[in-house]
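So the structure is just underneath, and the comments pick up after that.
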Protein chains: 2
Amino acid sequence: MARLDRAAVLAGAWAFIEVHGLDALTMRKLASSLGVNHGTLYWHVESKQALIDALADDVLEGVVDRRETGSVGIARLLELAYSLRAALLTHRDGARVLAGTFVRQPNTLAFGEAAIGAAREAGAGDRDAVLLAFSVQYYVTGFVIEEQAAHDLLRTEAAHERAEIAAERFPLVAAGLRTLRNTPRDNQFDYGLKLLVRRQEDPR
Amino acid sequence: MARLDRAAVLAGAWAFIEVHGLDALTMRKLASSLGVNHGTLYWHVESKQALIDALADDVLEGVVDRRETGSVGIARLLELAYSLRAALLTHRDGARVLAGTFVRQPNTLAFGEAAIGAAREAGAGDRDAVLLAFSVQYYVTGFVIEEQAAHDLLRTEAAHERAEIAAERFPLVAAGLRTLRNTPRDNQFDYGLKLLVRRQEDPR
DNA sequence: ACCTGAACACCGTTCAAGT
DNA sequence: ACCTGAACACCGTTCAAGT
């Protein structure tokens, strides 16, 4: 068994979350899944919270760099948003891991920097560029949190008791969910994103 | 000491969260804050998770009804968004309580129903109305989660170590945060919201 | 109907002691 | 430098027994 290091602890944590979910993550269970006494983890990581903070920054690893396709302005901003969602979806409960803590670590800041930069390239003024970039970020986070929460629910809940919405009391929601079931997730995501970004792209 | 009931447990939980935050909430501490043996809570509430689910729906209590001002269409949709944010801000960690679980309970559904209805009044087609209403919801959730996370952080972290962003590496973020500090939260919120809702309001 | 007390199977964190 | 073992102060949940 190779010696443990911080990276191995993070990888082990992701593997555990993948199988059991964030809520089931425990220092003791994580340790035993790594074949190590649970006290050992504290040599590599300061606390459980510090571990989760590290996971949060880890989610965003490479989001900015991986898709350096040379696009600029609004196209780049859209690309960053897609890339952010993809990164959050890479790991189970990724959005909750990131949103749970107010992270100010390298990758988070790098994303903000790239997003504001893209908005500026699109011709937005100082203030508008920041507000637009952050609005996109809020939307992406909110979208994926709900996306993954729904996914986790269906994972645990028996499919047959999918809690049919009381169609008499909430007809629009009931019909709406049927509509969404026929609309690919990517398109749903795109819809709101394009609304946020529209005027800059196509000011008619 | 008046007899405990389910409503008193919920109220006690909110009071506890207000002071100590969601992460510190414990069935045992909650029980002792209510002056009761901790086993007792399980008479009123099925489990800690069920308690949190109940809190989640409780956050949205009255969001739809409280502000029945008679406005319709986009104006009503905006009103619902403001009302939703206000409700989430009413309780500490309100957004995390709501977003943590995928709730399908009365108040959540009522909000969806009202939002889709408003979008339809604005002239959106079946599909667009649903997508727009949900996009607004994602944005509001994402915004307030970040808003409250930042607030909790400043509550606990000594003000003097506000982790000045490395301005050399992330100049746009550093300048952006200064800009935001001079922009009222309500205006920041409004900015993205209006982007989402713009075309319907002012299709030029 | 509501509550207590005690038990059970867990937690996160610390730290001397080993290698 | 990294890990074990044991301890400490906690958890959520259950359930007989009381009133």
### Message
Just to be sure I follow the notation: if a pair is Watson-Crick (purine N1 to pyrimidine N3 plus N6-O4 or O6-N4) or a G-U wobble (N1-O2 and O6-N3), each under 3.5 Å, what dot-bracket string does DNA chain C give, with | for pairs to another strand?
### Response
||.|||||...|||||.||
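Put simply, the side chain of A:M27 reaches to within 4.5 Å of the side chain of A:V45, judged on heavy atoms. Within the 4.5 Å cutoff, side-chain heavy atoms of A:L88 are placed close to those of A:V59. Taking 4.5 Å as the limit, every side-chain heavy atom of A:V136 sits out of range of all side-chain heavy atoms of A:L80.
Using cut-offs of 30° and 60° on the angle between ring planes, the pair B:F189 and B:F143 is perpendicular.
Residue B:V173 comes nearest to A:L109 through the heavy atom pair CG2-O, 3.6 Å, listed as atom of the first residue, atom of the second, then distance.
Rounded to an integer number of Å, the gap from B:D5 CG to C:dC2 C1' is 11 Å. When the C1' atom of C:dT14 is taken as reference, atom CE of A:M27 falls 12 Å away, rounded to whole Å. A straight line from CG of A:D23 to C1' of D:dG12 spans 14 Å, rounded to a whole angstrom. When the C1' atom of D:dC3 is taken as reference, atom CZ of A:R3 falls 7 Å away, rounded to whole Å. Here C:dC11 presents its P atom at 8 Å from CZ of A:F16, a figure rounded to the nearest Å. With rounding to whole Å, A:H38 atom NE2 is found 10 Å from C:dC11 atom P. What separates CG of A:L30 from P of C:dT13 is a distance of 12 Å, to the nearest Å.
In this structure, a donor-acceptor pair under 3.5 Å is present between the side chains of A:E79 and A:T69. In this structure, a donor-acceptor pair under 3.5 Å is present between the side chains of B:Y82 and B:D190.
Where A:N37 and A:K29 each meet DNA chain C at their nearest nucleotide, the meeting point lying more 5' is that of A:K29.
Shown for residues 39-50 of chain B: residues whose heavy atoms fall under 4.0 angstrom of DNA chain D, namely B:G39, B:Y42, B:S47, B:K48.
Of the listed nucleotides (D:dC2, D:dT13, C:dG12), C:dG12 has the atom at the smallest distance from the side chain of A:R28. In this structure, the nucleotide among C:dA6, D:dC11, C:dG12 sitting nearest to the side chain of A:T26 is C:dG12.
For the salt bridge (charged side-chain N to carboxylate O under 4.0 Å, His left out) condition, the pairs that include at least one residue of residues 18-37 of chain A, sequence neighbours left out, are A:D23-A:R96.
Between the side chain of B:Q148 and the backbone N or O of B:A95, at least one donor-acceptor pair lies under 3.5 Å.
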